[in-house]
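Below is one structure, written out as structure tokens, with a few remarks after it.
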Amino acid sequence: MSPAFVHDAGRVGRIGLPEAILCASKSPEQLARILDELLAAGQPALLTRLAPEQLAALPAELAARVDHDPLSRTGVIGRPPPPEAPARVAVVTAGTGDLGVAAEAVRTLAFHGEAARLEADLGV
């Protein structure tokens, strides 16, 4: 049996940022327990490196609560704060091969309330 997940309930108050969960090395069972605990606590979370197969392996009612973006391989549960201002950040890519990482950066910024503009395939 894998160890129980204990989320950092005081994280937002301590550092001002909600949970970010690296999903790549977690089993569907571990992810389900983590998400159940966070949802029960009413805490939003950013899920990084979330593969479509991992999402599909979650119980349907839990997977339905994840806002998943396959390009960035991120998911969001709960309601993060809306952006407070127009985009002040630009994420720039040289080519389309960088779109996944750029989309992850844009989505991470958005999760933390910072709007960002994506400028892709600029050939820099």
Side-chain angles (χ1 to χ4, degrees):
M1 176 171 228
S2 58
F5 172 74
V6 178
H7 71 82
D8 186 355
R11 180 182 173 133
V12 173
R14 194 176 64 257
I15 67 170
L17 299 172
E19 292 279 356
I21 308 298
L22 176 63
C23 300
S25 61
K26 293 180 177 52
S27 70
E29 294 78 20
Q30 290 170 321
L31 281 176
R33 282 211 327 256
I34 291 167
L35 296 179
D36 280 338
E37 188 170 333
L38 289 167
L39 287 166
Q43 293 187 350
L46 175 66
L47 311 172
T48 65
R49 309 295 162 96
L50 178 61
E53 300 79 24
Q54 287 175 299
L55 185 64
L58 291 173
E61 66 278 358
L62 194 53
R65 299 191 64 186
V66 176
D67 175 14
H68 181 244
D69 176 55
L71 177 61
S72 66
R73 298 186 311 153
T74 61
V76 172
I77 60 165
R79 293 181 182 252
E84 294 181 13
R88 299 179 298 170
V89 176
V91 177
V92 179
T93 73
T96 56
D98 302 324
L99 278 177
V101 174
E104 181 181 13
V106 168
R107 193 136 148 115
T108 300
L109 287 161
F111 178 76
H112 293 292
E114 186 67 48
R117 202 176 76 238
L118 177 60
E119 298 292 336
D121 201 15
L122 297 181
V124 294

Discussion item. Using the rule that Ile, Leu, Val, Met, Phe, Trp and Tyr join whenever any side-chain heavy atoms are under 4.5 Å apart, tell me whether Leu55 and Leu22 fall into a single cluster.
Written reply: no
Worksheet item: Are Leu109 and Leu71 linked, directly or through other ILVMFWY residues, by side chains that come within less than 4.5 angstrom of each other?
Response: yes
Might you point out which heavy atoms bring [X] and [Y] nearest each other, and give the distance in Å?
X: Ala115; Y: Pro86; answer: CB-C, 4.2 Å
X: Ala102; Y: Val91; answer: CB-CG1, 3.7 Å
X: Pro18; Y: Pro44; answer: CB-O, 3.7 Å
X: Pro28; Y: Ala57; answer: CG-CB, 3.5 Å
X: Val106; Y: Leu118; answer: CG2-CB, 4.2 Å
X: Leu58; Y: Ala32; answer: CD2-N, 3.8 Å

About how many Å separate [atom2] of [Y] and [atom1] of [X], when rounded to the nearest 0.5 Å?
X: Leu47; Y: Asp69; atom1: CG; atom2: CG; answer: 12.0 Å
X: Glu104; Y: Arg49; atom1: CD; atom2: CZ; answer: 4.5 Å
X: Leu39; Y: Ile77; atom1: CG; atom2: CD1; answer: 4.0 Å

Fill in: Derivation of the side chain to side chain contact (heavy atoms under 4.5 Å, CB included) call for Leu99 and Thr96
CA-CA 5 Å; Leu99 278 177; Thr96 56; 4.1 Å; yes
Discussion item. Could you walk me through whether Glu114 and Arg88 satisfy the salt bridge (Lys or Arg N to Asp or Glu O under 4.0 Å) test, starting with their C-alpha distance in whole Å, then the side-chain angles of each, then the deciding distance to 0.1 Å, before giving a yes or no?
Written reply: CA-CA 8 Å; Glu114 186 67 48; Arg88 299 179 298 170; 2.8 Å; yes
Worksheet item: Got Arg107 and Val76 here, is their nearest side-chain heavy-atom distance under 4.5 Å?
Response: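 Side-chain contact under 4.5 Å: yes.
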Worksheet item: Side chains of Leu35 and Ile21: does their closest heavy-atom pair fall under 4.5 Å?
Response: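 A side-chain contact is absent here, since even the closest heavy-atom pair is not under 4.5 Å.
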Practice prompt. State which residue, out of Thr74, Leu50, Leu31, fulfils the side chain to side chain contact (heavy atoms under 4.5 Å, CB included) condition with Val66.
Written response: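 Running side chain to side chain contact (heavy atoms under 4.5 Å, CB included) over Thr74, Leu50, Leu31 with Val66 returns exactly one hit, Leu50.
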Worksheet item: Taking the side chain from Gln54 and the backbone from Cys23, do they hold a donor-acceptor pair closer than 3.5 Å?
Response: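 Yes, because the side chain of Gln54 sits within donor-acceptor range (under 3.5 Å) of the backbone of Cys23.
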